[in-house]
Amino acid sequence: QVQLVESGGGLVQAGGSLRLSCAASRRTFSVYAMGWFRQAPGKEREFVAAISWSGGATYYADSVKGRFTISKDNAKNTVYLQMNSLKPGDTAVYYCAADLQYPVVTSTPGYWGQGTQVTVSS
């Protein structure tokens, strides 16, 4: 069973930082590419960042490049999204995602977590 559990969301001021975590099963973490998406109120869900199962490749949306960093902790079967220099426009529900194919996890991943709310105040 593929289970993804996000945590780390919260309320921060503009310019601040936040780190999101996504815990996965050993099987999922070892063979699946992982990613992060977000959805703001009234907006379509959009891609944020992705990392290959090996951790050797990463990909970011232009809107977060240089501010966000995706990484993996193999010992904890956890993927992280470090978010720095946060802007009010980053406010959204952030979803962890997984797929067997790295290219697919950047667009239409097969598995999703429940999401965690990130709110950035002005």
Side-chain angles (χ1 to χ4, degrees):
Q1 183 178 13
V2 177
Q3 293 185 342
L4 306 172
V5 182
E6 303 99 329
S7 63
L11 174 64
V12 298
Q13 291 185 313
S17 298
L18 201 63
R19 188 180 74 165
L20 305 183
S21 299
C22 176
S25 67
R26 180 198 61 78
R27 177 63 64 82
T28 299
F29 194 77
S30 66
V31 301
Y32 282 73
M34 307 293 292
W36 290 94
F37 285 70
R38 67 186 182 186
Q39 187 168 24
K43 302 290 186 178
E44 296 290 322
R45 188 172 298 187
E46 64 177 348
F47 168 76
V48 175
I51 188 167
S52 61
W53 66 266
S54 67
T58 57
Y59 183 61
Y60 299 91
D62 289 339
S63 60
V64 305
K65 192 173 299 182
R67 298 188 298 121
F68 292 10
T69 302
I70 188 170
S71 62
K72 302 175 66 179
D73 185 330
N74 294 329
K76 297 181 178 180
N77 294 333
T78 300
V79 63
Y80 302 98
L81 184 67
Q82 178 65 47
M83 305 185 293
N84 298 325
S85 301
L86 284 163
K87 307 173 181 179
D90 295 320
T91 295
V93 175
Y94 284 70
Y95 297 90
C96 183
D99 201 277
L100 285 170
Q101 298 179 311
Y102 176 63
V104 178
V105 85
T106 67
S107 57
T108 55
Y111 304 95
W112 300 89
Q114 295 300 306
T116 185
Q117 176 71 49
V118 172
T119 301
V120 184
S121 62
S122 301

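Just so it is clear, the structure is predicted and the values come from calculations on it, not from any experiment. In what follows, every heavy atom counts, from backbone to side chain, and hydrogens, waters and symmetry copies are set aside. Index from 1, following the sequence.
- The heavy-atom pair separating R38 from S63 by the smallest distance is NH2-OG, 3.5 Å.
- Of the charged side-chain nitrogens involved, at least one lies within less than 4.0 Å of a carboxylate oxygen, so that K65 and D62 count as a salt-bridged pair.
- At least one donor-acceptor pair under 3.5 Å links the side chain of S52 to the backbone N or O of A57.
- Although no hydrogens or angles enter the test, the distance criterion places a donor-acceptor pair under 3.5 Å between the side chain of E6 and the main chain of C96.
- Side-chain N or O atoms of T91 include one that pairs as donor or acceptor with a backbone N or O of V120 at under 3.5 Å.
- A distance of 9.0 Å separates CD in Q82 from CG in L20, rounded to the nearest 0.5 Å.
- Residues W53 and D99 fail the side-chain proximity criterion, which asks for heavy atoms closer than 4.5 Å.
- Atom CD of Q39 is surrounded by more than 12 heavy atoms from other residues, nucleotides or ligands within 6.0 Å.
- Note that R19 lies in the cation-pi zone of Y80, set by a 6.0 Å cut-off to the ring centre and a 45° limit from the axis.
- Contact check for W36 versus M83: no side-chain heavy atoms found under the 4.5 Å cut-off.
- A centroid separation of less than 6.0 Å is found between the aromatic rings of Y59 and F47.
- With a 4.5 Å cut-off on side-chain heavy atoms, V93 and Y95 count as touching.
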